[in-house]
2 protein chains.
Amino acid sequence: MEQYRRNERIGAIMYILTSRPNEIFTYNYFSEMFNVKKPSISGDISIMKGIVKKLDIGKIETISGASGGVKFLPKSRKDETKELLENLCKKLSHSKRIIPGGFIYTMDILYTPSIIRNIGKIFANEFIHKEIDYVVTVETKGIPIALMTADILNVPLIVIRKNIKITEGPTVNINYVSGSTRAIQTMSLSKKAIRENSKVLIIDDFMKAGGTVKGINEMMYEFGAQVVGVGIFLSTKNPEKKLVKDYTSLIELEGIDEQNGKIYLNSKFESLGQF
Amino acid sequence: MEQYRRNERIGAIMYILTSRPNEIFTYNYFSEMFNVKKPSISGDISIMKGIVKKLDIGKIETISGASGGVKFLPKSRKDETKELLENLCKKLSHSKRIIPGGFIYTMDILYTPSIIRNIGKIFANEFIHKEIDYVVTVETKGIPIALMTADILNVPLIVIRKNIKITEGPTVNINYVSGSTRAIQTMSLSKKAIRENSKVLIIDDFMKAGGTVKGINEMMYEFGAQVVGVGIFLSTKNPEKKLVKDYTSLIELEGIDEQNGKIYLNSKFESLGQF
């Protein structure tokens with residue numbers, strides 16, 4: 001068996017904990033892996049708690065008891081989050097992004113891992129105390145940010161389909177009115193996707209009137225699941241009265257002036273509860 | 001400024017490098033962050049190279065020259081990959097997963113972050129030497145594994161839509177015949193999604209005859225992009241002659257016996273080039 005010095009163990013445990021956030025590892029696991037007694041692992045962990053604090057990247061939590069151990073909860077840094085949201089507002093307000101009909105081209109941002117990893121971190125921190133069992137989204141553009149959120153929370157992702165798929169077996173279907181197109185649409189989810197009495201967090205990339213999120217709410221009701229939070233990347237200012245009451249959005253679209261090529265966006269940093 | 005001891009620096013740098021794979025960090029960056037001279041950082045890095053080797057989790061590479069620095073390339077461990085694919089075959093072959101029409105229920109597996117993170121790692125390692133600019137997939141079920149692959153390769157993801165979306169501006173559209181439904185379908189991608197002369201890696205969750213991947217190939221041709229690899233999670237054994245010649249699949253579906261509730265799957269571990 002390979003021998004590890006203390007600083008090697010610290011590097012190794014740091015990698016293991018941070019690459020699998022919110023997963024509990026027992027002291028025994030590390031003690032066996034590195035062939036040292038538990039007090040040494042305790043010492044390593046205590047040094048790592050200091051590192052994580054100095055770097056301001058989250059918290060290493062010790063859980064006592066039979067199923068106890070240690071886990072890493074990544075957090076978003078206040079200064080970095082403020083800067084990220086301001087930068088995104090700047091990037092997204094470029095006139096070339098205007099798509100006729102009142103839309104903004106967001107695909108490049110919503111599909112870039114280095115950006116959405118941080119967006120997932122913001123959502124995860126906003127709702128981490130809610131004991132979430134699943135992150136739920138509806139296809140397509142919200143999937144990457146929803147997955148990053150689920151990854152950090154260490155829970156499965158659920159993707160509701162917009163069409164009934166024969167390849168997924170029996171489904172539950174909900175009709176809803178999309179705010180952007182005003183058309184009646186159907187959303188569909190496999191009957192075995194969610195355990196009963198689950199707590200779910202809804203994540204989506206865009207919300208206008210809230211029709212889609214309302215549809216997801218109804219869908220969750222059919223599954224006996226409780227919606228404990230709604231996180232939206234970009235929400236429109238109008239209509240001010242939305243079909244969904246409680247939601248956290250990161251950026252607000254105040255308006256688009258198509259004629260003069262102007263997009264007006266506001267960072268919602270100040271409304272985040274985690275700072 | 002906070003002061004860091006060597007073992008704290010090692011923990012901190014380990015976190016930074018491994019949480020942002022394939023991203024180059026200069027020695028200067030760390031030297032300023034920790035307020036120590038570059039030779040100390042060199043020493044830290046050299047210890048970390050040892051840790052990464054002992055843990056068998058990848059490679060810390062030093063890049064010399066003006067744009068030089070250091071980066072972490074995560075690799076899949078041979079024993080763990082073999083076990084993962086065998087376990088997935090076992091899980092996926094459960095009779096309850098049979099969906100009439102010759103399909104298997106895979107959603108729970110394809111949407112669980114802890115599983116797909118490893119699948120992304122396998123794909124990333126299989127194609128890392130190809131200098132990939134984008135990972136491309138078509139909605140919906142392949143998105144999570146494609147995103148995990150893109151995350152590890154540190155490149156953007158591109159998601160081709162199955163319907164023309166008015167919310168994405170001008171698009172390029174391709175008609176193709178889906179192998180599973182035999183119907184003519186349209187795929188659509190925003191004209192500004194891909195820079196010309198890019199190298200792309202196609203990732204998808206399922207392939208039967210290869211019609212969809214062939215469609216993506218044609219789409220990439222329209223964008224002046226070169227397809228340098230195709231990674232498929234689950235491919236069917238039949239038809240043996242597929243519309244796409246070169247692809248790497250992780251699991252092969254030999255057949256489904258609906259009457260007796262049997263699914264026959266083979267791990268394709270032995271065909272992977274990375275081990």
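Naming convention: chains lettered A, B, ... in sequence-line order (proteins, then strands); numbering from 1 in each chain. These figures come from a predicted structure and were not determined experimentally.
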Problem set entry | chain A contact via I194(B) - side chain, backbone, both or neither, heavy atoms under 4.5 Å | neither
Problem set entry | Winner by heavy-atom pair count (cut-off under 4.5 Å) against chain B, out of P100(A), P170(A), P144(A) | P144(A)
Exercise. By a 4.5 Å heavy-atom criterion (distance strictly below it), what part of I109(A) contacts chain B: side chain, backbone, both, or neither?
Worked result: neither
For this session: Go through the atoms of I99(B) and report whether side chain, backbone, both or neither lie under 4.5 Å from a heavy atom of chain A.
Result: side chain
Exercise. Is there side-chain contact between E8(B) and M14(A), with heavy atoms separated by less than 4.5 Å?
Worked result: no
Exercise. With respect to chain B, which residue among R9(A), K162(A), R97(A), R161(A) yields the maximal number of heavy-atom pairs within a distance under 4.5 Å?
Worked result: R161(A)
For this session: Go through the atoms of M107(B) and report whether side chain, backbone, both or neither lie under 4.5 Å from a heavy atom of chain A.
Result: side chain
Exercise. Under a 4.5 Å cut-off applied to non-hydrogen side-chain atoms, are V159(A) and E139(B) in contact?
Worked result: no
Exercise. Hey, which of S190(A), S114(A), G101(A), P74(A) has the most heavy atom pairs under 4.5 Å with chain B?
Worked result: S190(A)
Exercise. With side chains defined as the heavy atoms from C-beta onward, is the minimum distance between N7(B) and R5(A) less than 4.5 Å?
Worked result: no
For this session: Verify side chain to side chain contact (heavy atoms under 4.5 Å, CB included) between E168(A) and K141(B), making sure each step is shown before the conclusion.
Result: CA-CA 11 Å; E168(A) 288 188 9; K141(B) 266 162 72 186; 3.3 Å; yes
For this session: Please flag which part of V155(B) lies under 4.5 Å from any non-hydrogen atom of chain A: side chain, backbone, both or neither.
Result: backbone
For this session: Pick one of side chain, backbone, both or neither for A193(A), based on which atoms fall under 4.5 Å of a heavy atom in chain B.
Result: both
Exercise. With a 4.5 Å limit on heavy-atom distance, are the side chains of L147(A) and I116(B) in contact?
Worked result: yes
Problem set entry | Value rounded to 0.5 Å, distance of NZ in K54(A) from CZ in F34(B) | 10.0 Å
Problem set entry | Heavy-atom pairs under 4.5 Å with chain B, option from I115(A), I57(A), I143(A), D108(A) with the top count | I57(A)
For this session: Evaluate side chain to side chain contact (heavy atoms under 4.5 Å, CB included) for R20(B) paired with R117(A), printing each intermediate quantity in order.
Result: CA-CA 10 Å; R20(B) 290 155 73 176; R117(A) 201 186 292 146; 3.2 Å; yes
Exercise. Between T18(B), T112(B), I158(B), T140(B), which residue shows the highest count of heavy-atom pairs closer than 4.5 Å to chain A?
Worked result: T140(B)
Exercise. Which atom pair, heavy atoms only, marks the closest approach of P113(B) to P156(A)?
Worked result: CD-CA, 3.9 Å
Problem set entry | Interatomic spacing from CD1 in I51(B) to OH in Y4(A) - rounded to 0.5 Å | 8.5 Å
Problem set entry | Heavy-atom pairs under 4.5 Å with chain B, option from D151(A), N163(A), I10(A) with the top count | D151(A)
Exercise. Which one, M148(B), E23(B), R6(B), leads in non-hydrogen pairs under 4.5 Å with chain A?
Worked result: M148(B)
